[in-house]
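This report concerns only the one structure given below.
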Amino acid sequence: LEEMRALYERNQADVSEAKAGRTDLIFLIRFRHCCLLRNQRCLLAYLYDRLLRIRALRWEYGSVLPNTIQFHMSAEEVEWFNRYKKSLATYMRSVGGEEGLDLTQDIKPPKSLYIEASARFLVRCLKDHGEFEVDDGTTILLKKNSQHFLPRWKCEQLIRQGVLEHVLS
């Protein structure tokens with residue numbers, strides 16, 4: 001941005017001289033203007049890529065980002081993430097009947113066509129996570145190497161975050 005500001009200011013000075021009759025500066029003005037446009041395109045591409053990555057973080061980590069990730073985000077990016085999170089939540093509540101539809105639940109398709117929606121997973125905790133509330137109101141303490149039998153839809157997000165691992169047998 002500093003470079004772009006300097007190029008713009010030099011162009012402004014040269015434009016006023018070119019208006020006064022120095023036509024030899026026109027090519028230099030055009031060259032600087034092309035540099036400004038290129039830098040602008042690069043900057044916009046960079047910002048768009050960051051927004052795509054922040055959007056992907058919502059799908060990967062859920063509605064609350066870990067502090068280690070939030071630390072590397074600007075205030076505007078955190079604000080954009082919160083607006084995207086609210087917009088996605090509003091949309092998910094509007095579809096799927098009374099309770100809404102959690103689009104973040106099944107990121108990968110099931111291996112079998114015949115699977116119950118209320119199926120339970122045997123999961124192993126890979127790291128200490130703290131208390132976790134299940135549908136019936138009971139809380140489970142997720143400690144490293146503990147195993148639990150949890151509803152599939154409740155634990156899938158924790159599996160994606162690396163807190164839990166699905167035990168197959």
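- If you take CZ on R160 and CG on L158, they are separated by 9.5 Å, rounding to the nearest 0.5 Å.
- For E3, the CD atom is loosely surrounded, since the number of other residues' heavy atoms within 6.0 Å does not exceed 12.
- Residue F31 is found outside any hydrophobic cluster, as its side-chain heavy atoms come under 4.5 Å of no other Ile, Leu, Val, Met, Phe, Trp or Tyr.
- Residues passing the side-chain contact (heavy atoms from CB on, under 4.5 Å) test with S63, sequence neighbours excluded: R58, K85.
- In this structure, I140 CD1 and H129 NE2 are separated by 11.5 Å, a value rounded to the nearest 0.5 Å.
- To the nearest 0.5 Å, the span separating CD on Q12 from CZ on R32 amounts to 11.0 Å.
- Annotation for R83: atom CZ counts as buried by contact number, over 12 foreign heavy atoms lying within 6.0 Å.
- Residues meeting the side-chain contact (heavy atoms from CB on, under 4.5 Å) test with V95, sequence neighbours left out: Y91, L101.
- Considering only residues two or more places apart in sequence or on other chains, E2 meets the side-chain contact (heavy atoms from CB on, under 4.5 Å) condition with R5.
- The heavy-atom pair separating I29 from N11 by the smallest distance is O-ND2, 3.2 Å.
- In the hydrophobic clustering of ILVMFWY residues, with side-chain heavy atoms under 4.5 Å counting as a link, L141 and I159 come out apart.
- Both Y84 and I69 sit in one connected hydrophobic cluster of ILVMFWY residues. Membership requires side-chain heavy atoms under 4.5 Å apart, directly or through other members.
- With values rounded to the nearest 0.5 angstrom, L164 atom CG is found 7.0 Å from L126 atom CG.
- Atom CE in M92 sits 10.0 Å away from atom OG in S87 (nearest 0.5 Å).
- Here the straight-line distance linking atom OH of Y8 with atom NE2 of H33 works out to 10.5 Å at 0.5 Å rounding.
- The nearest pair of heavy atoms linking L150 to V123 is CD1-CG2, 3.8 Å.
- Cluster membership for V15 and L7, using ILVMFWY side-chain heavy atoms within less than 4.5 angstrom, is not shared.
- There is no path of hydrophobic side-chain contacts, each under 4.5 Å, that joins I26 to L28.
- Inter-residue side-chain proximity for N39 and L43 is flagged as unmet; no heavy-atom pair is nearer than 4.5 Å.
- Residues F132 and V163 form no side-chain contact, since every pair of their non-hydrogen atoms from C-beta on lies 4.5 Å or further apart.
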For residues 47-57, tabulate all N or O donor-acceptor pairs below 3.5 Å that involve a side-chain atom, not counting sequence neighbours.
from: D49; atom 1: OD2; to: R53; atom 2: NE; distance (Å): 2.8
from: D49; atom 1: OD2; to: R53; atom 2: NH2; distance (Å): 3.4
from: R50; atom 1: NE; to: E77; atom 2: OE2; distance (Å): 2.4
from: R50; atom 1: NH2; to: H72; atom 2: O; distance (Å): 3.3
from: R50; atom 1: NH2; to: E77; atom 2: OE1; distance (Å): 2.9
from: R50; atom 1: NH2; to: E77; atom 2: OE2; distance (Å): 3.2

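- The environment of H166 atom NE2 is dense: over 12 non-hydrogen atoms of other residues, nucleotides or ligands sit within 6.0 angstrom.
- Residues L88 and M73 share a hydrophobic cluster, clusters being chains of Ile/Leu/Val/Met/Phe/Trp/Tyr side chains in contact below 4.5 Å.
- Applying the side-chain hydrogen bond (donor to acceptor under 3.5 Å, both in side chains) criterion to E165, with sequence neighbours excluded, gives R124.
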